[in-house]
Every structure is written in structure tokens, then in C-alpha cells.
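Quick notes on the structure that follows.
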Amino acid sequence: MLTPLKPPPPHYYAGNLLKVVMHVQELYSDLLTDEERAWGERLAAASEAAQRLFARIVTRKGPLVRVDALDYAEVPARDAALDELATGCLIERCPAAPAEEVLRLLRVDELCAVFADLPRASKAQRMEHVLCNHAEEEVLERVGEQAPWLGLATPELLGLHQLLFFGSPHQDLTTFVLRDLGVHRYAEVSITRANRQFPDREALQRTLALQELSALVHELGPRPAPELARPVLEALWLPNDDRALERRRSRILNHLGRGLERAGEFDLALACYARSSLPPGRERRTRILKRLSDERAVAGMKRAILDAPRSALERDFAHRFGCFSPRPAPYFDMELPPDFAPASASVEQIALALLTAEGGVGWHTENHLPMALFALAYWGWIFAPVPGAFTNPFQTGPRDLFWPDFFAARRESCEDPLASPLKPRLVQVERQARGIANRLFGWRRFPTEAAAAVFEAMPEDDIRALLRIVTDDLDQARSGFPDLTLVHADGSYEFVEVKGPGDRLQVNQHLWIAALEREGLPVRVLRLRHPGATNG
């Protein structure tokens, strides 16, 4: 554990990096190439000083770092450690890099010292002057003499190990720090060769290829040129038999399609959406066809969605598109205090105070309540060792938590929580799991007293009804639930959505309220108005 405001143990960062590397070397030894294995072996065989310095280098921002910036108490012999890392092909001294990146390493005074007669201007303008008046080779040579830099010799190998350990290119060693500072507490999960994320090298290569395509789509910008988008679409043309890769492929197609739609390239956008297996692909197709006045195709798309909806939101879209008339919500009105100021209190806080003024308790839970009840009921399902679901010990939930086949992937191996008395299970899991980080809800928004009151007030049949709504579409259920959970003085409960002056219900809120009403659960919409005002 780390102590805030105190330095970590000398080998802390190096130890964490080695945990990542050695875990990958063991778990994926059959997938790694000779070069990839040798990289990990060289790092493991390096001296403690070299390991510590390398760990510090990899946590620096940007691909380049100045040598004189590497000043760490745990590495007293810095130059010797650098020599060792360079000899072991782990770092490269003054590697080739764009002159602009190298110039960014200099402060303004250093820039003026290296390049004379610069105009009095911003750093960016001075850099531009240098780039316009000096050859790139000269820039690199001059900066190298003033402030030598270094970079990783093979950054792609570090990136590969981080991907294999964390399962994502966006997670890094700071995750260890958050855990060791006590910011997060994680559930224990078992990761073995039988349930690892990448079963073989082909799955890894396909993931890397999709990462490159995703990066390319982002580089194309919000309105990609059709001649640049077509090759990407062709590369994504065929579906993937791996469910994780298929989701990634479909997300890229939806992103590319949206950009083409903005650019007015409707034929290419339709082609992207047609090959996506994820929402909102079919919704976007329907909207484009409507814009093109192809009513027959619009009707066909709506029928296809209603026959096999991919989400509750998609199903609702097909019902309401072109003829949406939301069911009247169960409104009731109350006046805001005369001294109400939005900066001092939210409308939810005001509503909570008004509704509990004569007794009872309440909490501003929003979606944390249904998500908490689901998490406690299905805790064993969430952290079950399903192949590919967990890649590292820092996950707050499985990768497939919000996928449509989450339940199907676990139904044969997990006990149905609804097949036995539910409340005792909720109470037991809440006590055992409290504080463990998860992707569904925050414990601070579902405190112990709220859990106890909800378990007491809600009949078991009502909890089961609420869980039916959540499990119908877990992804959609993450948003739109009423703001407040109230337990009145007589022991009854209700859910209240709060709307301030001028605010209206959103589509996902309409969906939740309608679902709660269908199940016979108590829900209302409170409209707060200024004194003397009327709500239309």
C-alpha cells in the first residue's frame, strides 16, 4: 500500500512494470514471438537501477524525454543505468523524430540560446521560424547538443504487453497506484490460459488490426473524404465470428458511418450501418432512408427492428419514429422556495428536502439504485470466470457486461439468483462486497442506510419486477431511472423524477417510467415551479 504525500518504496514502479511483463510472458508464452519474449527477458535480467529508470521512462508523457529530466532518488547512478538500457536495446539515445517534436522539449530561453535571432513572439511562432529557416538534420543536431533526449527502442513491444495485461491500449501502470493508494478495491478474479482474452495469435492480430483501423477512422476526422473512407469500409466488410471483435468492428463501422452521414455521403454511410451489428446502426439507416424519402425502405427497417430488437432504445425508436406521442407521465407540482438559487442547491436536493419535510427519508440515487440491486443479485454472474471476460486484476466488471449475450454466456455455469429467496442474498452480498469497485454503481450513491431502508421497504416481488426491467436490457437500463428513491414514514416507497422549470423528460426517462408503471411500481414526476408560475 502507498501512503499519500509520501514517496513509494524504491522499487515500486519497477516492480509493477515487472508484474505486467512477467504475467504476460507466462500467460501468453505460447503466443509471443521470439523477439517479444526476448524483450521481456532482457528487462527481467537488467539491474535494479536500470529497471527502476526504465519504469520511470515508460510513465513519462510523450514518446521523447530529455535525459536531464530523469532525476530520481531511487536511481543514483543514472548514466550507468542509461548505458545498460541502451546496450540492452530497451532505449535509444536521440532517436530520429520530427523536428517539431524535438523542439517542444526546449524551454523558450533554451530555444533562443540554441537558435539566435528569433523574433519576439510566442514559443509556437518561434518554433515555426526555426522550422522554416533550418534543415531538419541541423535542428536535431543542435537540440541534441543542448538537451539530449531518448525514447523507447521498441515502444510497440511495451504497448503489446500492456494490451495483453490490461486488455486495452488505454490502461497503464497508474492503475496500480490507484489501487495501492486505496482509491479502488477490486474483486478477486482468476485469469488462466483457459479464460484469457486472446486464445491464440490470430485473435491478437485481428485485435491489433482493428485498433489500427479505429485509429485511422479517428484520423479521418468528423467528415471523412469518401476516397479515404472506402478502403476502411472494405477492410471491415466481413463480420467476425468472435463476439468481442465483432463488437469492436461494429463500433468502428458506426463511427465511420456517422462521419460519412455528416459529410452527406449517404450511400457509403448506409453501407457502413448495414454491416454493423450494433445499435444505432439500424436507427441511423432508417433516418437516412427517411431523409431520402424512401418510405418503403423505412417501413421495412422498422419491421426488422421490431421483429428482433437489439436494445430497448432501438425498439422504442421503431415504435415512435415518425409518430411519437409519449404517454402522459404521472406529474405533480410543487413550488420552489422563494430564495432558491441554482448555485446553492440542485433541484434534486430541494425536492428531497420538500418531500421528506414531514417525515420519511430519501436519497438522490438515480440509476445507482437499479444497478446496485442488479449487481448484488447477480454478483456471482458479474465476476464469473467466463473466457475472455477478465484480462487483469483491476477490472471493475467483465468486458461483456453490457453485451446482449451477457446472460447467455453464463446461464449454464451460474446459479439463477431469482430461483431462491432474493432479499437474504442481497443483504449478504451487500455486506461482503461493500466497497469493491464495480462498473454498475457507486457505493457512495447507495450508502448502507439506503440499502437497509430499500431492502426493508420494497417487497421482494417489487425487487424482482425491477430486476426484470434491468435484465431486459442492461445497457439501456443504465440511464433514465428516476432521480430520487423515497421511503415514507408509513414504510411505503416510491421513485420520483424531478424536473425543474423548463426541463422535460428525455426519451430514456420516458422508457423507465413506462416500464415501472407496467410492473406496477410506484413512480411519479415532480415538476418544480417558481412561486406564482404555472406549468403548461
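Count residues from 1 along the sequence. The basis for the numbers below is simple: all heavy atoms, side chains too, and nothing from hydrogens, waters or symmetry mates.
The two atoms that bring Phe383 and Thr396 nearest to each other are CZ-O, 4.0 Å, heavy atoms only. Taking both residues in full, the closest heavy atoms of Phe198 and Leu31 are given as O-CD2, 3.8 Å, listed atom of the first, atom of the second, then distance. Between Pro398 and Arg410, the shortest heavy-atom distance links the atoms CB-NH2, 3.5 Å. Minimum interatomic distance between Glu101 and Pro63 (heavy atoms only, all atoms of both residues): OE1-CG, 3.6 Å. What you find for Ala271 and Leu233 is that their closest heavy atoms are CB-CD2, 3.8 Å. When every heavy atom of Arg179 is checked against every heavy atom of Lys19, the shortest pair comes out as NH2-NZ, 4.2 Å.
In this view, Ala304 and Arg282 satisfy the side-chain contact (heavy atoms from CB on, under 4.5 Å) rule, not counting sequence neighbours.
Aromatic ring centres of Phe176 and Phe394 lie closer together than 6.0 Å.
For Arg291, the CZ atom counts as loosely surrounded, since its 6.0 Å shell holds 12 or fewer non-hydrogen atoms of other residues, nucleotides or ligands. In the displayed structure, Lys290 atom NZ is contacted under 6.0 Å by at most 12 heavy atoms of other residues, nucleotides or ligands.
Salt-bridge annotation for Glu41 and Arg37: absent, with no side-chain N of the basic residue lying under 4.0 Å from a carboxylate O of the acidic one. Using a 4.0 Å cut-off between charged side-chain N and carboxylate O, Asp472 and Arg468 make no salt bridge. Using a 4.0 Å cut-off between a side-chain N of Lys or Arg and a carboxylate O of Asp or Glu, Asp405 and Arg243 qualify as a salt bridge. Salt-bridge formation is detected for the pair Asp30/Arg196: a Lys NZ or Arg NE/NH1/NH2 atom is positioned less than 4.0 Å from an Asp or Glu carboxylate oxygen. In this structure, Arg230 does not pair ionically with Glu234, as no charged nitrogen and carboxylate oxygen lie closer than 4.0 Å. Between Glu261 and Arg287 there is no salt bridge, since none of the side-chain N atoms of the basic residue sits less than 4.0 Å from a carboxylate O of the acidic one.
Between Leu18 and Leu43, the closest side-chain pair of non-hydrogen atoms falls below 4.5 Å. Inter-residue side-chain proximity for Arg310 and Arg315 is flagged as unmet; no heavy-atom pair is nearer than 4.5 Å. Between Val498 and Ser346 the shortest side-chain heavy-atom distance does not fall below 4.5 Å. At a threshold of 4.5 Å between non-hydrogen side-chain atoms, the residues Leu164 and His23 do not count as touching. Under the 4.5 Å side-chain criterion, counting only non-hydrogen atoms from C-beta, Arg223 is not in contact with Glu265. Annotation: side chain of Leu256 is in contact with side chain of Pro224 (closest heavy-atom distance under 4.5 Å).
For the 3.5 Å distance criterion, the side chains of Glu36 and His161 fail to qualify, holding no donor opposite an acceptor. A donor and an acceptor atom, one from each side chain of Arg284 and Asn254, are nowhere located under 3.5 Å apart. Side-chain contact of Glu246 with Ser250: a donor-acceptor pair under 3.5 Å is present, judged by distance alone. Judged purely by distance below 3.5 Å, without hydrogens or angles, the side chains of Glu497 and Gln509 pair a donor atom with an acceptor atom. Donor-acceptor pairing under 3.5 Å is recorded for the side chains of Gln125 and Ser122. With hydrogens and angles left out, the side-chain atoms of Gln395 and Thr391 include a donor and acceptor closer than 3.5 Å.
Judged by distance alone, the side chain of Ser214 and the main-chain N or O of Leu210 form no donor-acceptor pair under 3.5 Å. Of the possible donor and acceptor atoms, none in the side chain of Lys123 sits under 3.5 Å from a partner among the backbone N and O of Leu111. In this structure, Asp400 contributes its side chain and Ala389 its backbone to no donor-acceptor pair below 3.5 Å.
In this structure, Trp381 and Tyr378 have perpendicular ring planes: the angle between them is above 60°, well past the 30° mark.
For residues 204-238, the ring-ring contact (aromatic ring centres under 6.0 Å, His included) pairs, not counting sequence neighbours, are His218-His255.
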- Can you check side-chain hydrogen bond (donor to acceptor under 3.5 Å, both in side chains) on Ser276 and Arg285, steps first, answer last? CA-CA 11 Å; Ser276 169; Arg285 285 174 68 189; over 6 Å; no
- Task: Could you walk me through whether Val143 and Trp149 pass the side-chain contact (heavy atoms from CB on, under 4.5 Å) test, one step at a time?
- Result: CA-CA 9 Å; Val143 176; Trp149 69 91; 4.1 Å; yes
- Could you walk me through whether Leu150 and Leu85 pass the side-chain contact (heavy atoms from CB on, under 4.5 Å) test, one step at a time? CA-CA 11 Å; Leu150 57 83; Leu85 292 173; over 6 Å; no
- Test salt bridge (Lys or Arg N to Asp or Glu O under 4.0 Å) applied to Asp307 and Arg303, step by step: CA-CA 6 Å; Asp307 288 344; Arg303 283 195 303 271; over 6 Å; no
- What do the steps show when you test Phe54 against Leu152 for side-chain contact (heavy atoms from CB on, under 4.5 Å), and what is the final call? CA-CA 9 Å; Phe54 187 75; Leu152 299 182; 3.6 Å; yes
- Message: Using side-chain contact (heavy atoms from CB on, under 4.5 Å), reason through Phe495 and Asp483 one step at a time and then give a plain yes or no.
- Response: CA-CA 7 Å; Phe495 307 120; Asp483 297 305; over 6 Å; no
For residues 364-374, which side-chain N or O atoms pair as donor and acceptor with protein atoms under 3.5 Å away, sequence neighbours left out?
| from | atom 1 | to | atom 2 | distance (Å) |
| --- | --- | --- | --- | --- |
| His364 | NE2 | Glu366 | OE2 | 3.4 |
| Thr365 | OG1 | Thr485 | OG1 | 2.8 |
| Glu366 | OE1 | Arg445 | NH2 | 3.3 |
| Asn367 | OD1 | Gly480 | N | 3.1 |
| Asn367 | OD1 | Phe481 | N | 3.0 |
| Asn367 | ND2 | Ala477 | O | 2.6 |
| Asn367 | ND2 | Arg478 | O | 3.3 |
| His368 | ND1 | Gly442 | N | 2.9 |

